[in-house]
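Step one of this worksheet: look at the structure below.
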Amino acid sequence: MTIMRTHYASGIMPEMDGDTVTVAGWVHEIRDLGGICFLVLRDREGFIQVTMVKKKTDPDLFDMGRRLNRESVVLVTGVVKEAKQAPNGYEIIPQSVDMLSEAESPLPMDVTEKVGADIDTRLDSRFIDLRRRTTLAVFAIRNHALKTVRDFLASEGFIEIHTPKVVAAATEGGTALFPITYFNREAFLNQSPQLYKQIMMSAGFDRVSEIGAIFRAEEHDTLRHLNEATSIDIEASFMDHSDVMEILERLVHDVYVGVSRQCVPQLEALGVELAVPELPFRRLTYDDALEIAHQQGHEIEWGDDFGTVAERAVGSAVGEHYFITDWPLHIKPYYTRPREDDSRYSKSFDLMHPRMELASGSQRVHSHSLLCQRIVACGLDPDGFDFYLKAFRYGMPPHAGWGLGAERLVMTMLGVENIRDVVLFPRDRKRLSP
RNA sequence: GUCCGGAUAGUGUAGUGGCCUAGCAUGGAGCCCUGUCGAGGCUCCGCCCCGGGUUCAAAUCCCGGUCCGGGCGCCA
């Protein structure tokens with residue numbers, strides 16, 4: 001016996017009539033009609049029907065096949081037969097069925113999607129949930145989306161880097177961090193690659209990108225936050241915020257195009273009709289967005305961030321992807337560059353989907369003295385930033401960059417409501433396992 | 001952090017004081033059935049989160065606990 005398949009389920013065609021093939025996968029369903037028994041085998045790529053006719057099949061094989069438990073792993077060798085009555089017009093007449101791993105019964109949840117399951121049940125048995133066609137489709141699309149991102153950034157001359165995820169005490173401020181023990185010292189999980197990708201500008205890499213994990217210790221409990229997420233980051237020298245905005249919108253556009261072309265079956269499985277957003281995305285200044293929020297009846301003081309409700313109100317007023325630019329300097333981090341003509345404003349932007357924020361970025365402060373000044377102004381201690389500030393003292397080019405939430409990009413693209421649905425093993429406030 | 005909601009077979013649900021010996025679907029066991037594709041038919045199996053209280057009577061009301069979901073805040 002070999003444990004090798006010759007074909008995935010999707011690789012079998014009616015034209016192969018008469019060929020002997022070996023398929024391997026999970027027993028999705030068994031429909032036993034008495035004199036004829038259909039076994040539906042499922043693998044990563046699809047389903048294939050294995051048909052056993054009582055009169056023609058070896059009695060032992062027939063009896064073993066019809067008694068298999070759902071979700072057991074089997075290897076089936078047989079002859080492809082073109083058959084009009086079969087799904088897709090073909091089936092396999094088995095010569096042998098080897099059970100490689102018997103599944104226990106009952107299953108923790110339904111794989112055939114006849115009965116629903118709560119997200120909590122699904123995540124507790126994620127390995128089973130991931131066998132479901134729609135769940136698999138989400139991750140196939142996520143894969144294509146991120147592949148498109150990598151291809152796009154490579155074609156734009158970005159060098160992919162990997163920055164440390166374990167970092168020393170110095171932080172960017174703002175979000176809460178996860179403390180860890182690093183030998184006998186205190187350390188943290190990184191909240192973003194921000195400081196390191198900026199250091200790479202001083203290193204002369206010119207354009208860098210990273211797709212990596214970020215960690216935030218916020219105790220939020222929403223459908224769009226996780227404590228471990230994937231961030232798509234870029235940093236580019238000799239560019240300003242409008243240059244990187246242009247890269248960002250083309251990237252998002254490219255992802256939609258790539259997914260709509262390469263993931264047709266998956267989109268169909270999910271019932272998603274993907275509308276590719278038009279370029280260029282609309283640009284609103286913070287003041288414009290504030291005006292729209294006011295018109296929608298949301299009172300926000302100049303200088304405050306938009307709350308969730310006002311943010312959605314602006315989003316539905318715009319109705320498509322858009323940028324909010326020129327944020328008040330004091331609500332942006334210290335590395336954000338002030339506008340030369342009016343330092344109350346910054347050279348910053350957020351990329352918004354009508355439902356939520358997707359990305360934020362800016363032109364950065366590249367002057368060492370201004371950066372020190374800004375760190376102090378934000379109430380932080382420059383001493384903790386030595387390793388970072390040092391890179392600004394020996395030739396730091398002007399630069400700009402952004403960070404884009406990979407999960408949010410995928411979930412908004414697919415209309416998925418819960419961010420946990422687009423992460424294999426999500427980490428939220430309550431879930432640390434599996 | 002704060003507010004709101006929920007917990008009933010393996011899974012998803014109905015049931016808001018007695019009509020509950022808890023209904024339905026899916027599932028499991030078994031039987032019948034030669035073209036199913038959410039197969040069909042028949043029989044059977046399996047559930048009220050934990051503890052206390054109110055009441056003649058609690059799945060249902062009250063209190064405490066545990067676990068879960070969600071809104072807002074927070075999230076440079």
Side-chain angles (χ1 to χ4, degrees), chain A residues 28-40 47-57 62 66-67 69-71 81 83-91 103-125 128-129 132-133 171-177 191-192 194-195 214-227 229 231 304-312 327-336 346 348 350 356-357 360-362 364-365 374-375 377-380 402-403 405 408 417-418 420 428-431:
Chain A
H28 188 68
E29 279 187 293
I30 292 174
R31 283 188 281 272
D32 181 2
L33 277 66
I36 187 167
C37 181
F38 303 103
L39 187 159
V40 179
F47 301 91
I48 178 80
Q49 175 166 288
V50 177
T51 302
M52 298 182 292
V53 178
K54 196 169 194 173
K55 284 183 185 169
K56 298 180 185 170
T57 309
F62 187 87
R66 63 188 276 270
R67 289 178 186 284
N69 283 352
R70 284 172 182 241
E71 297 305 312
K81 186 183 159 200
K84 282 200 183 111
Q85 318 96 302
N88 307 318
Y90 56 89
E91 60 196 5
E104 289 179 25
S105 180
L107 297 164
M109 59 178 285
D110 170 37
V111 183
T112 64
E113 302 185 83
K114 287 175 198 159
V115 185
D118 290 340
I119 185 77
D120 205 44
T121 305
R122 293 173 48 211
L123 292 175
D124 280 341
S125 301
I128 297 251
D129 179 49
R132 308 216 296 183
R133 207 166 66 107
T171 79
E172 302 168 43
T175 192
L177 301 182
Q191 66 179 101
S192 100
Q194 182 63 33
L195 306 188
I214 58 168
F215 303 89
R216 311 226 163 151
E218 301 295 336
E219 296 197 350
H220 33 46
D221 198 1
T222 79
L223 297 175
R224 61 189 187 285
H225 288 97
L226 285 173
N227 297 295
S231 183
D304 285 350
D305 204 344
F306 299 90
T308 309
V309 180
E311 185 180 290
R312 283 204 199 110
W327 289 78
L329 182 65
H330 72 273
I331 54 173
K332 287 292 173 184
Y334 57 82
Y335 50 77
T336 309
S346 62
S348 61
D350 282 5
M356 68 187 79
E357 177 188 333
S360 66
S362 63
R364 321 299 194 188
V365 175
R374 292 291 305 140
I375 288 173
C378 288
L380 298 164
W402 43 252
R408 289 185 175 192
E417 283 203 11
N418 194 333
R420 293 162 184 81
D428 62 32
R429 181 178 169 183
K430 291 178 179 159
R431 184 171 285 278

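Quick note on labels: first sequence line is chain A, next is B, and so on, each numbered from 1.
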> Hey, is the main chain of A:Arg224 close enough, under 3.5 Å, to the side chain of A:Thr222 for a donor-acceptor pair?
Replying inline: yes
>> From C-beta outward on A:Arg70, which listed nucleotide comes closest to its side chain: B:G30, B:G35, B:G28?
In response: B:G28
>> From C-beta outward on A:Thr308, which listed nucleotide comes closest to its side chain: B:C75, B:U36, B:C72?
In response: B:C72
>> What contact category does A:Asp120 fall into here, base, sugar-phosphate, or nothing, at under 4.0 angstrom with non-hydrogen atoms?
In response: sugar-phosphate
>> So for A:His225 and B:C75, does any side-chain atom that can act as donor or acceptor lie under 3.5 Å from a complementary atom in the base?
In response: yes
> Can a side chain N or O of A:Arg420 be found less than 4.0 Å away from OP1 or OP2 on B:G69?
Replying inline: no
> Would you say the side chain of A:Glu104 and the base of B:G10 hold a donor-acceptor pair, judged only by whether the two atoms sit under 3.5 Å apart?
Replying inline: no
> Does any N or O in the side chain of A:Arg122 come within less than 3.5 Å of the main-chain N or O of A:Asp129, such that one atom is a donor and the other an acceptor?
Replying inline: no
> Can you tell which of B:G35, B:C31, B:C74 lies closest to the side chain of A:His220?
Replying inline: B:C74
>> For the P atoms, the ones on B:C32 and on B:G70, what distance do you get once it is rounded to whole angstrom?
In response: 48 Å
>> Once hydrogens and angles are ignored, does a donor-acceptor distance under 3.5 Å link the base of B:U36 to the side chain of A:Gln85?
In response: no
> Touch check for A:Arg312, heavy atoms < 4.0 angstrom, all strands: base, sugar-phosphate only, or nothing?
Replying inline: sugar-phosphate
> With a 4.0 Å cut-off on heavy atoms, is A:Asp118 in touch with a base, just the backbone sugar-phosphate, or nothing at all?
Replying inline: sugar-phosphate
> Choosing from B:A76, B:G35, B:C31, which nucleotide comes nearest the side chain of A:Ile36?
Replying inline: B:G35
> If you check every side-chain atom of A:Val115, which of B:U34, B:A25, B:C72 has the closest atom?
Replying inline: B:A25
> What base-paired stems does RNA chain B take part in, with at least 3 consecutive Watson-Crick or G-U wobble pairs and both distances under 3.5 Å?
Replying inline: B:1-7 with B:66-72, B:10-13 with B:23-26, B:27-32 with B:40-45, B:49-53 with B:61-65
>> Classify A:Lys55 by what it touches in the nucleic acid, base, sugar-phosphate, or nothing, heavy-atom distance under 4.0 Å.
In response: base
>> Categorize A:Lys114 for me: base, sugar-phosphate, or nothing, with a 4.0 angstrom heavy-atom threshold over every strand shown.
In response: base
> Are A:Glu311 and A:Thr308 close enough, and set up right, to give a side-chain contact (heavy atoms from CB on, under 4.5 Å), and what steps lead you there?
Replying inline: CA-CA 5 Å; A:Glu311 185 180 290; A:Thr308 309; 5.7 Å; no
>> At less than 3.5 Å, do the side-chain atoms of A:Tyr335 and the base atoms of B:A76 form a donor-acceptor pair?
In response: yes
>> Side chain of A:Arg67, heavy atoms from C-beta onward: which of B:C31, B:G35, B:G28 has the nearest atom to it?
In response: B:C31
> In whole Å, what separates the C1' atom of B:C62 from that of B:G69?
Replying inline: 24 Å
> Which nucleotide in the list B:G35, B:G71, B:G73 gets nearest to the side chain of A:Leu223?
Replying inline: B:G71
> Side chain of A:Ser192, base of B:A76: donor and acceptor closer than 3.5 Å?
Replying inline: yes
>> Roughly how many Å apart are B:C4 and B:G40, using the P atom of each and rounding to a whole number?
In response: 46 Å
> From the list B:G27, B:A76, B:C75, which nucleotide is the closest neighbour of the side chain of A:Pro333?
Replying inline: B:A76
> On a whole-Å scale, what distance lies between the P atoms belonging to B:C63 and B:U54?
Replying inline: 15 Å
> Taking the side chain of A:Glu91 as heavy atoms from C-beta outward, which of B:G35, B:G27, B:C75 is closest to it?
Replying inline: B:G35
> So what does A:Asn418 hit on the nucleic acid, given a heavy-atom distance under 4.0 Å: a base, only sugar-phosphate, or nothing?
Replying inline: sugar-phosphate
